[in-house]
Amino acid sequence: MSLFEDLVAANRILAEHGVIDGYGHVSVRCENNPDRYWISRSLAPELVTEEDLMEFDLDSKPIDQRGRTMYTERYIHGEIYKTRPEVRAVVHNHSPSVIPFGIIDQPMKPVYHMSHFVGMGVPIFEIRDLVPDSDLLIRDTYLGAALARSLGGKACALMRGHGAVVVAESLPVVVGRSIYLEMNAKLQAQAMTLAGPGGAVNYLTPGESAASVGTQDYLRAWQLWRARGLRDVKPKA
Ligand SMILES: [Zn+2]
């Protein structure tokens with residue numbers, strides 16, 4: 001089991017769970033050089049193999065491009081790795097159930113223990129504060145750094161009218177958080193609908209959220225997801 005194999009698995013798991021589709025990406029910080037990270041070349045995540053992985057510095061410049069096309073929004077990853085030394089894995093997605101919470105004035109709140117990290121708070125990045133009438137994409141280090149500032153020390157941030165960014169200290173945790181962020185959004189919307197206008201929803205308290213930090217590594221699920229994610233990957237010749 002290698003970090004590259006884990007990164008391939010992470011791409012496929014996130015696609016299988018509908019967190020990313022043809023778009024969105026996941027990266028991991030280099031194990032022996034904290035100033036570099038690995039991410040796929042520009043490719044639908046479900047198709048990613050180890051041969052597609054590329055190395056970047058934290059300005060998101062390729063170390064050895066070899067003519068390969070790169071994700072336009074890779075700056076999200078580099079700028080977050082710059083400001084969060086403890087972060088070792090980053091996901092950017094357009095997770096469908098999460099999108100509404102970026103465009104309404106009701107914040108995301110933790111509905112259950114699997115998404116306790118939502119209780120840390122989920123900031124919303126507003127690109128209009130920097131660029132009016134943009135295409136919403138994080139196209140350079142300037143926008144990437146602004147997004148990283150919005151994220152602050154949190155586990156995830158929403159990008160208004162676009163998607164989300166999720167970070168963690170490992171690939172299993174960033175994948176788990178991405179899946180359960182999507183789930184939390186879906187369940188919260190259901191609970192808010194059932195409660196009706198003005199109705200109360202009984203969310204996790206800040207104390208309950210804090211008590212779960214560090215206890216949920218998603219490893220049991222990761223083993224299952226990883227095995228499923230890699231089942232169609234041909235062994236290397
Ligand atoms: Zn995007």
Side-chain angles (χ1 to χ4, degrees), residues 7-8 10-29 37-48 52-54 56 58-62 68-84 87 89-104 108 117-118 122-152 154-168 171 174-186:
L7 184 53
V8 169
N11 273 276
R12 288 160 180 264
I13 293 164
L14 291 169
E16 206 165 291
H17 283 81
V19 171
I20 50 184
D21 49 17
Y23 299 94
H25 19 84
V26 49
S27 70
V28 69
R29 199 192 284 269
Y37 68 93
W38 289 87
I39 193 168
S40 169
R41 70 184 170 94
S42 182
L43 186 67
E46 210 164 347
L47 301 176
V48 169
D52 300 307
L53 302 180
M54 292 179 67
F56 289 88
L58 296 193
D59 288 327
S60 297
K61 294 197 178 85
R68 293 173 287 183
T69 55
M70 305 172 287
Y71 288 130
T72 306
E73 295 194 283
R74 61 190 182 279
Y75 304 100
I76 293 170
H77 302 259
E79 297 307 310
I80 289 173
Y81 288 127
K82 272 184 199 170
T83 59
R84 294 280 298 274
V87 163
V90 175
V91 169
H92 166 54
N93 65 53
H94 311 148
S95 199
S97 306
V98 169
I99 303 294
F101 288 95
I103 58 175
I104 62 172
M108 277 195 81
F117 59 90
V118 170
V122 183
I124 299 177
F125 172 68
E126 177 51 89
I127 197 167
R128 258 183 228 144
D129 293 343
L130 300 127
V131 192
D133 302 328
S134 74
D135 66 359
L136 298 149
L137 301 187
I138 305 297
R139 291 184 171 277
D140 52 33
T141 54
Y142 169 70
L143 290 171
L147 173 59
R149 279 196 301 278
S150 284
L151 173 68
K154 305 287 198 285
C156 54
L158 307 187
M159 301 156 76
R160 192 269 313 157
H162 179 170
V165 63
V166 184
V167 304
L171 279 170
V174 90
V175 166
R177 283 179 176 172
S178 300
I179 289 170
Y180 286 106
L181 182 68
E182 163 67 18
M183 204 74 88
N184 191 92
K186 199 179 282 177

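Counting starts at 1 for both ligands and their atoms, in listed order. When a residue number appears, it is its place in the shown sequence, counting from 1.
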Using modelled atom types and a 3.5 Å cut-off, is there a donor and acceptor pairing between side-chain atoms of H162 and backbone atoms of L136?
yes
Pair D59-K82, salt bridge (charged side-chain N to carboxylate O under 4.0 Å, His left out): steps then yes or no:
CA-CA 9 Å; D59 288 327; K82 272 184 199 170; 2.6 Å; yes
Taking only protein atoms, how many N, O or S atoms are found under 2.8 Å from the Zn ion (ligand 1)?
4
How are the rings of H92 and H94 set relative to one another: parallel (under 30°), tilted (30 to 60°) or perpendicular (over 60°)?
perpendicular
What residues form a salt bridge (Lys or Arg N to Asp or Glu O under 4.0 Å) with R160, not counting sequence neighbours?
E126
Using salt bridge (Lys or Arg N to Asp or Glu O under 4.0 Å) as the criterion, list what pairs up with D129, not counting sequence neighbours.
none
Please tabulate, for side-chain N and O atoms in residues 141-152, each donor-acceptor pair with protein atoms closer than 3.5 Å (sequence neighbours left out).
none

